[in-house]
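Right, one structure below, let's go through it.
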Amino acid sequence: MYPKIDYDKCVGSLECYDVCPADVYDVEETEGGKRAKVARPDDCTECEQCTDSCPTDAIELVD
Ligand code: SF4
């Protein structure tokens, strides 16, 4: 499985980027600032630290 970000919920806290031990996320620039993006989904170990730490519950692990 790998993480999917719901950008309707994402507020760009970058918590997932900061917490992920497998370096799955990168940071990308947006008009309003920055947000995380899933750059290396195959590296996900399904530890769920990103889903647990997201302040707006914007991440789910999908197949
Ligand atoms: S579940 Fe764990 S390894 Fe996978 S993206 Fe989230 S923090 Fe990284």
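First listed ligand is number 1; within each ligand, the first listed atom is number 1.
Listed by first then second residue, pairs satisfying side-chain hydrogen bond (donor to acceptor under 3.5 Å, both in side chains) with a partner in residues 24-33 read Asp26-Arg40, Glu28-Arg35, not counting sequence neighbours.
Neither the backbone nor the side chain of Tyr2 comes within contact range of ligand 1; no heavy atom lies under 4.0 Å.
Contact atoms of ligand 1 toward Tyr25: 5 (S) (distance under 4.0 Å to a heavy atom of the residue).
Residues Leu61 and Tyr2 are not in side-chain contact: their nearest non-hydrogen atoms beyond the backbone lie 4.5 Å or more apart.
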Would you list the atom pairs, donor with acceptor, under 3.5 Å between side chains in residues 5-19 and any protein atom, with sequence neighbours excluded?
| unit_1 | atom_1 | unit_2 | atom_2 | d |
| --- | --- | --- | --- | --- |
| Asp6 | OD1 | Asp8 | N | 2.9 |
| Tyr7 | OH | Ala36 | O | 2.7 |
| Ser13 | OG | Glu15 | N | 3.2 |

Would you mind writing out the side-chain donor-acceptor pairs for residues 42-51 within the sub-3.5 Å range, not counting sequence neighbours?
| unit_1 | atom_1 | unit_2 | atom_2 | d |
| --- | --- | --- | --- | --- |
| Glu46 | OE2 | Met1 | N | 2.9 |
| Thr51 | OG1 | Glu48 | O | 2.9 |

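Near-neighbour remark for atom 2 (Fe) of ligand 1: protein N, O or S atoms under 2.8 Å are Cys47 SG; waters not counted.
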